[in-house]
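Encoded as structure tokens, the structure appears first; notes follow it.
None of these values were measured; they are calculated from a predicted model. Every chain is numbered from 1 and lettered A, B, ... according to where its sequence line falls, protein lines coming before strand lines.
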Amino acid sequence: MPELPEVETILRGLAEHALGRRVTAVEVRNRAVIMGAAADFVRNIAGKLIAGLERKGKVLAVRLSGKNPEAPRYLLVRLGMTGQVTVTPREAPLEPHTHVRLALGAGNEELRFRDVRRFGRLRCCTRRELEAVFARLGPDAREITEEQFLAALRGRRGAIKSWLMNQQSLSGIGNIYADEALFAARIHPLTPAGYLPLAAARRLHRAVKRILDRAIAWGGTSVRDYRNAEGRPGDFLSELRVYQRTGEPCRRCRRPIRRLVISGRSSHFCPHCQPRPRRALPPGRRTRSFAGR
DNA sequence: GCAAGCCTGACC
DNA sequence: GGTCAGGCTTGC
């Protein structure tokens, strides 16, 4: 599933294979993946140069050439669960679920957007609109400082697992890296976020960054559908310690990994290495008041 | 029936 | 305002 490391890997691939090239033609084969009118989408992209690449969390933004700051000149890509962005020879057979094709000048290749489950979206927007999208996301998980991380945890009563996946507190983490970071930091996924002892919260902040950096170095994780810009899978799957390893022995203590559903998401963890928090209540907990009833 | 990211809406 | 369930989608 494309999370921060997968999107970053695609960005790097596009920097190598698509940056500086002109979009000479646009074909929308399935308008359901386009936000807004498909005709506007085509008109705003066709003929432009791919001038830059940006990312915040799991959102990829392709900057297109153009001088008018009020005109749409960003292509926003959200990969959803099964989205793929590849640079492919134009004559290569069109795989099923290929929804958008951008022909690239200076070579016989095209940029393809493919998405089996169609949770992904493409959108053409202005700088202002891009900034509004980014503003709704918390700090990028690789860039968030310890101070920001600790401050964002404060007062949160929901499970730390859900907190990590909520893109408003920090952005870029999905189910795979949430489970992996919690295992590395030895934190039970149901621990209320704001109850984490300071040392544990610091461990988690460091674990998040380390896991993401390592996953990027391995080119991301391909559980099934993820492919980089060259169409190749990532290699981090074999490095996963708990995700989708239910029943396998924990790499640290050899006891079996267990699975738990938290907010409708499966969570994988080691009950021995990630014990439930011993204290049930946080410092400064507010109880339900019966006064005035 | 399950997996998943993200959005919407219900609930307190 | 925070938290969570539900729905979207399709291949296994």
Side-chain angles (χ1 to χ4, degrees), chain A residues 1-8 10 29-36 55-61 76-85 95-100 113-123 125 129 132-138 140-141 151-180 189-195 212 215 220-227 233-234 236-237 240 242-247 259-268 282 284-290 292-293:
Chain A
M1 318 304 139
E3 305 180 27
L4 188 156
E6 290 74 34
V7 179
E8 177 66 23
I10 289 173
R29 300 169 54 81
N30 183 345
R31 55 185 59 206
V33 303
I34 308 288
M35 291 182 76
R55 179 190 62 74
K56 186 174 185 185
K58 306 174 194 175
V59 176
L60 175 66
L76 247 69
V77 183
R78 288 179 182 271
L79 294 169
M81 286 174 55
T82 55
Q84 302 174 349
V85 174
E95 294 183 272
H97 313 293
T98 301
H99 304 310
V100 176
F113 176 70
R114 180 170 180 258
D115 186 1
V116 171
R117 291 185 193 166
R118 287 197 274 129
F119 280 19
R121 289 290 179 269
L122 301 184
R123 173 184 175 188
C125 68
E129 290 166 329
V133 170
F134 279 2
R136 271 179 250 124
L137 301 173
D140 186 82
L153 280 169
R154 213 159 288 145
R156 291 291 107 98
R157 312 188 63 152
I160 186 64
K161 169 70 187 283
S162 308
W163 183 86
L164 282 172
M165 291 178 64
N166 182 344
Q167 304 299 300
Q168 291 171 22
S169 18
L170 77 173
S171 59
I173 299 182
N175 211 24
I176 297 175
Y177 300 113
D179 281 359
E180 294 298 316
L190 279 177
T191 311
Y195 296 27
L212 296 177
T221 304
S222 293
V223 173
R224 175 187 234 81
D225 298 276
Y226 168 69
R227 294 293 181 272
F236 198 65
L237 185 67
L240 300 181
V242 286
Y243 182 76
Q244 288 197 352
R245 294 195 182 279
T246 308
R259 177 178 170 273
L260 191 65
V261 175
I262 301 173
S263 305
R265 294 287 179 281
S266 60
S267 294
H268 312 80
R285 158 186 183 262
R286 276 189 297 149
T287 50
R288 253 192 137 61
S289 172
F290 289 90
R293 285 231 173 164

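Side chain of A:Asp179 to backbone of A:Tyr243: no donor-acceptor contact under 3.5 angstrom is found. Checking side-chain atoms of A:Arg78 against main-chain N and O of A:Lys58 turns up no donor-acceptor pair under 3.5 Å. A side-chain donor-acceptor contact under 3.5 Å links A:Thr82 to the backbone of A:Arg117. Counting only distance, with no hydrogens or angles, the side chain of A:Ser171 and the backbone of A:Gly138 share a donor-acceptor pair below 3.5 Å.
Protein atom CG of A:Asp225 is 10 Å distant from nucleotide atom C1' of B:dA3, rounded to whole Å. Atom-to-atom, CG of A:Asp115 to P of C:dC8 comes out at 17 Å; the value is rounded to the nearest Å. The CZ-P distance, from A:Arg114 to C:dG11, rounds to 10 Å in whole Å. One can place CD of A:Gln167 at 9 Å from P of B:dC7, the figure rounded to the nearest angstrom. Look at NZ on A:Lys161: it is 9 Å from P on B:dG5, rounded to the nearest Å. What separates NE2 of A:His268 from P of B:dC2 is a distance of 13 Å, to the nearest Å. Atom CE in A:Met165 sits about 14 Å away from atom C1' in B:dC7, given to the nearest Å. With rounding to whole Å, A:Arg78 atom CZ is found 10 Å from B:dC7 atom C1'.
Nearest-nucleotide mapping onto DNA chain B: of A:Val59 and A:Gln244, the residue sitting toward the 5' end is A:Gln244. Summary of the strand contacts: A:Arg224 and A:Phe119 both lie near DNA chain C, and taking for each the nucleotide with the nearest heavy atom, the more 5' one is attributed to A:Phe119.
Put simply, the side chain of A:Leu260 does not reach to within 4.5 Å of the side chain of A:Lys161, judged on heavy atoms.
Under the 30°/60° scheme for interplanar angles, the aromatic rings of A:Tyr177 and A:Phe236 are found to be tilted.
Comparing B:dG5, B:dA3, C:dT10 by their closest approach to the side chain of A:Arg259 singles out B:dA3. In the set B:dG5, C:dT10, B:dA4, B:dA4 carries the atom at the smallest distance from any side-chain atom of A:Ser266. Residue A:Val116 has its side chain nearest to C:dT10 when only C:dC8, B:dC7, C:dT10 are considered.
Among the atoms of the strands shown, none is found under 4.0 Å from any heavy atom of A:Tyr226.
For the atom pair CG (A:Leu170) and CG (A:Leu137), the distance works out to 10.5 Å, reported to the nearest 0.5 Å. To the nearest 0.5 angstrom, A:Ile10 atom CD1 is 7.5 Å from A:Leu60 atom CG. Residue A:Arg245 holds its CZ atom at 8.0 Å from CD of A:Glu180, rounded to the nearest 0.5 Å.
OP1 and OP2 of B:dG5 both lie 4.0 Å or more from every side-chain N or O belonging to A:Arg117. Under 4.0 angstrom from either OP1 or OP2 of C:dG11 there lies at least one side-chain N or O belonging to A:His97.
One axis for each end of the helix from B:dG1-C:dC12 to B:dC12-C:dG1, each built from five base pairs, and the angle between them comes to 40° at 10° resolution.
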Stepwise side chain to side chain contact (heavy atoms under 4.5 Å, CB included) test for A:Asp115 and A:His97: CA-CA 6 Å; A:Asp115 186 1; A:His97 313 293; 6.0 Å; no
Between protein and nucleotides 2-6 of chain C, what N or O pairs are separated by less than 3.5 Å?
| residue | atom | partner | partner atom | Å |
| --- | --- | --- | --- | --- |
| C:dT3 | OP1 | A:Arg157 | N | 2.7 |
| C:dT3 | OP1 | A:Gly158 | N | 3.1 |

